[in-house]
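Here is the naming used below: chain letters follow the sequence lines, and residue numbers restart at 1 for every chain.
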Protein chains: 2
Amino acid sequence: MEVDYSNIKVIGFDADDTLWVNETYFRDAEMQFAQMLSSYETINKIDQELFKMEMKNLPVYGYGVKGFVLSMVEMAIELSNGDVSSDIIEKILNLGKDMINKPVELLNDVEHVLEKLSKNYRLILATKGDLLDQERKLEKSGLLKYFHHIEVLSDKQESNYKKLLNHLDINPSEFLMVGNSLKSDVLPLVNIGAKAIHVPFHTTWAHETVQEKDKNGKQYQTITTLHEMLSFFN
Amino acid sequence: MEVDYSNIKVIGFDADDTLWVNETYFRDAEMQFAQMLSSYETINKIDQELFKMEMKNLPVYGYGVKGFVLSMVEMAIELSNGDVSSDIIEKILNLGKDMINKPVELLNDVEHVLEKLSKNYRLILATKGDLLDQERKLEKSGLLKYFHHIEVLSDKQESNYKKLLNHLDINPSEFLMVGNSLKSDVLPLVNIGAKAIHVPFHTTWAHETVQEKDKNGKQYQTITTLHEMLSFFN
């Protein structure tokens with residue numbers, strides 16, 4: 001598919017699982033959580049129930065590690081009928097702190113691509129994680145210098161992106177979003193007339209999966225690694 | 001003191017305890033927390049220890065209700081030497097959810113002042129709380145229409161404000177910040193050459209207090225209610 005990117009002024013990059021590894025750490029934490037509670041339920045059931053708890057709490061807590069930890073604590077109490085030890089609660093808190101303090105593991109070629117693109121475009125980081133967490137990762141990553149600023153969105157729906165474009169003072173056709181989530185980084189952009197490039201990550205959070213029908217007829221490019229972007233912007 | 005505001009293009013408003021009540025809810029929650037644990041320690045000691053725990057965790061969790069709740073859970077386990085019941089942990093989680101779901105209680109005259117100022121200035125909300133939480137409060141408050149956008153800062157130090165001004169593409173002398181915290185909303189602005197107006201709230205979080213010497217010789221106006229701003233911008 002040929003796409004015309006000649007209007008683009010600002011490129012937004014998703015952060016987690018687009019620039020650096022993230023979902024893998026959540027999966028690890030979920031697995032450790034399930035192991036801690038395995039005397040009460042099967043690993044599979046614990047995993048399913050935790051996801052339901054996260055979805056229930058999402059409107060209250062929003063995205064990010066802190067809400068995830070609070071949901072694990074609540075789940076541990078519920079699943080054990082109040083029998084869970086404070087030792088396990090403490091371990092859950094520490095799981096969260098460990099996630100927040102993890103070193104940043106960049107995905108392939110990220111720095112090279114950002115360095116090239118930042119010469120001709122204004123780059124922004126557009127994420128729905130926690131601001132402090134994302135600022136810290138950006139700092140640790142060494143990528144800070146390529147970005148004009150960070151935009152933290154409370155969600156990544158069409159309305160959030162419309163507000164973002166208004167705030168950036170640009171037209172939809174001048175904005176390109178790049179990210180690993182079809183649901184959050186690609187489809188809402190295409191729907192409001194902006195451009196989007198999909199770079200899938202091997203692991204996708206269940207909350208981010210989309211149905212086949214939602215993809216039908218939508219115009220966006222899919223690439224395997226960020227490096228392929230450079231062939232569109234030479 | 002006469003101050004010249006004729007250069008001002010953008011006015012930033014702090015949110016919590018400047019536009020609406022907030023600290024009062026934290027104080028209430030701290031008091032309830034201390035009551036729950038009163039079989040282990042005196043109310044006063046619990047209160048002091050919780051503040052220390054919050055300060056210890058601030059670099060990890062940042063500002064906002066979720067980090068506060070996580071610190072209360074950790075404190076409850078530590079203070080009780082692991083003896084705390086899951087019933088109390090659950091109550092702590094609910095304290096947090098109640099705080100997040102509280103109705104927004106506007107301070108005096110806020111809407112009238114914003115309505116007037118928004119006619120001639122670009123207004124932004126500049127807060128270090130949690131983005132989702134602040135967006136929700138802004139929506140509930142009915143004040144959304146007066147603000148160009150929300151800026152969530154991970155902290156409110158000079159460096160954070162410099163980034164903000166860079167992002168807004170304005171000079172320090174074109175920016176006025178209005179807020180209840182000398183430490184966060186006033187002094188860092190004055191130090192980088194921007195303007196600031198202090199509107200004290202009756203309750204100040206210990207973390208936000210400043211020493212007398214830090215105020216000496218700093219140029220800013222103090223007002224009792226937001227309404228007084230209108231006399232400077234007629």
Grab the two heavy atoms, one from [X] and one from [Y], that are nearest each other, plus how far apart they are.
X	Y	result
A:S86	B:G82	OG-O, 2.7 Å
A:L70	B:L70	CD2-CD2, 3.6 Å
A:L132	B:S154	CD1-CB, 3.8 Å

I'd like to verify something: which residue of B:V69, B:V152, B:V60 has the highest number of heavy-atom pairs under 4.5 Å with chain A?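 Winner by heavy-atom pair count: B:V60.
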Min side-chain heavy-atom separation [X]-[Y] under 4.5 Å:
X	Y	answer
A:D130	B:D130	yes
B:H167	A:H167	yes
B:H148	A:K163	no

Considering only heavy atoms, give the residues of residues 89-106 of chain B separated from chain A by less than 4.5 Å, sorted numerically, with 'none' for an empty result.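 So the qualifying residues are B:I89, B:E90, B:L93, B:K97, B:I100.
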Just wondering, more than 12 heavy atoms not from B:K140 lying within 6.0 Å of its NZ?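 For B:K140, atom NZ is crowded (more than 12 foreign heavy atoms under 6.0 Å).
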Which bit of [X] comes within less than 4.5 Å of chain A, counting heavy atoms only: side chain, backbone, both or neither?
X	answer
B:E135	side chain
B:I150	neither
B:N57	side chain
B:E78	neither
B:I88	neither

Please classify the contact between A:L153 and chain B as side chain, backbone, both or neither, with a heavy-atom cut-off of under 4.5 Å.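 Looking at A:L153, just its backbone touches chain B.
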